[in-house]
Amino acid sequence: MDPVFGQLSFDDHEQIVFCNDKDTGLKAIIGIHNSVMGPALGGTRMWNYNTEWEALNDVLRLSRGMTFKSAITGLNIGGGKAVIIGDAKTQKTPELMRKFGEFVHSLSGRYITAEDVGMETKDMDTVRDVTPYVTGISEERGGSGNPSPVTAYGVYLGMKAAAKSQFGTDVLDGKKVLVQGIGHVGETLVEYLTKEGAQVTISDINEEKLYQVASKYNATIYTGEDLYTADVDIYAPCAMGATINDNTVDKIKAKVIAGAANNQLADENVHGARLQERGILYAPDFLINAGGIINVYAELANYGKAEIMAKTENIYNTTLEIIDFAAKNNITTHKAALTIAQNRIDQRRIENASK
């Protein structure tokens, strides 16, 4: 098996950087997928991967997703991502983060990092000590702060748009919603849904957090054996990706899938088509979870909170447009979103070549 270039997830990446530092224990991979629209911007994820191949595949899939996320959202930025192999709770140190920042700096701005799973705003502040090529730093240091609340808001609006198309109304009052993963984004999504009157069920591997969030928002904890068979209207995956796969795609009872997780479809062609066949409306993840990138991009484009929220609110309209485009062209919503994003990238490539 070809370890890199032959993988489907490689998808013509421009650059992959392997970072290793013996003193701090840093083992990281930076993926730059596409820089046609601008420098590659995307967060850093710290995760205790089972294998190095799993880490590589994740960074490739994530960085590719960032290319299309920025393009579909109308941002003039390319797609990139980074992963650090390790346990964020026990192995992350300021020294490790600074060393990672040095590797980012060595790319001279081709890649700009930000916060993702396993990272906090304070970690981005530490990276900022050694490189300017980082976004999502604290407001005290002139940044846009934690992007999670804005991400959750975009997912909420994308979910409402999908509900409008599938159920005839975007009102979520009384709708049964299963939120899988209640981290920074998932919990805020639960808050939005609860305020609107949705019947929220939650699931997470962190039992302490599960009971805390359940108590705070009066949410129901899922106790069944297989959450994919849950009798709900909307399934919101907000943890790791690829939860829609060969083992789950035919079990799902929800009529709408709209969540914050990246790369929810294990195979975007096979599983996207199967959801369509089953009449399940999928809100493309890289479209509706773009609030975070909109938030951190503000630091590069120098726009304020009002424009951040306006761009995020437009996710609602874009979601409806994607659903309509998919229906008219008899393609999946995922394919529709990819097509529109790719068209924008291709147009920019032509413009760049003519300069």
- Message: For the aromatic rings, using the six-membered ring if either is Trp, is the centroid distance between Tyr192 and Tyr153 under 6.0 Å?
- Response: yes

- Query: How about Phe286 and His334: are their ring centres within less than 6.0 Å of each other?
  - Reply: yes

Under-4.0 Å salt bridge between [X] and [Y]:
X	Y	result
Glu307	Lys311	yes
Lys81	Asp116	yes
Glu191	Lys216	no
Glu52	Lys27	no

- Message: Checking Thr131 against His105 for the side chain to side chain donor-acceptor pair (under 3.5 Å) test, could you report, in this order, the C-alpha distance in whole Å, the side-chain angles of both residues, the deciding distance, and whether it holds?
- Response: CA-CA 5 Å; Thr131 182; His105 193 69; 2.9 Å; yes

- Test log, rule side chain to side chain donor-acceptor pair (under 3.5 Å), inputs Asp125 and Ser138: CA-CA 7 Å; Asp125 284 351; Ser138 63; 2.9 Å; yes

Minimum heavy-atom separation for [X] to [Y], with atom names?
X	Y	value
Met159	Ala236	CE-CB, 3.8 Å
Gly43	Tyr111	O-OH, 3.5 Å
Thr201	Ile221	CG2-C, 4.3 Å

- Message: In the structure I gave you, are the side-chain heavy atoms of Met66 and Leu41 within less than 4.5 Å of one another anywhere?
- Response: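 No, their side chains stay 4.5 Å or more apart.
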
- Message: So, applying salt bridge (Lys or Arg N to Asp or Glu O under 4.0 Å) with Glu268, which one of Lys335, Arg64, Arg274 is it?
- Response: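 It is Arg64, the one option of Lys335, Arg64, Arg274 that forms the salt bridge (Lys or Arg N to Asp or Glu O under 4.0 Å) with Glu268.
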
- Query: Does CD belonging to Glu351 count more than 12 external heavy atoms closer than 6.0 Å?
  - Reply: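 Above 12, so yes.
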
- Tyr316 ring centre to Lys160 NZ or CZ under 6.0 Å, with the angle to the axis within 45°? no

- Task: Under the side-chain contact (heavy atoms from CB on, under 4.5 Å) rule, what do Leu281 and Ile257 come out as? Steps first, then yes or no, please.
- Result: CA-CA 6 Å; Leu281 181 57; Ile257 297 177; over 6 Å; no

- May I have the step-by-step check of salt bridge (charged side-chain N to carboxylate O under 4.0 Å, His left out) for Arg141 and Asp129, ending in yes or no? CA-CA 11 Å; Arg141 297 188 62 168; Asp129 290 340; 3.1 Å; yes

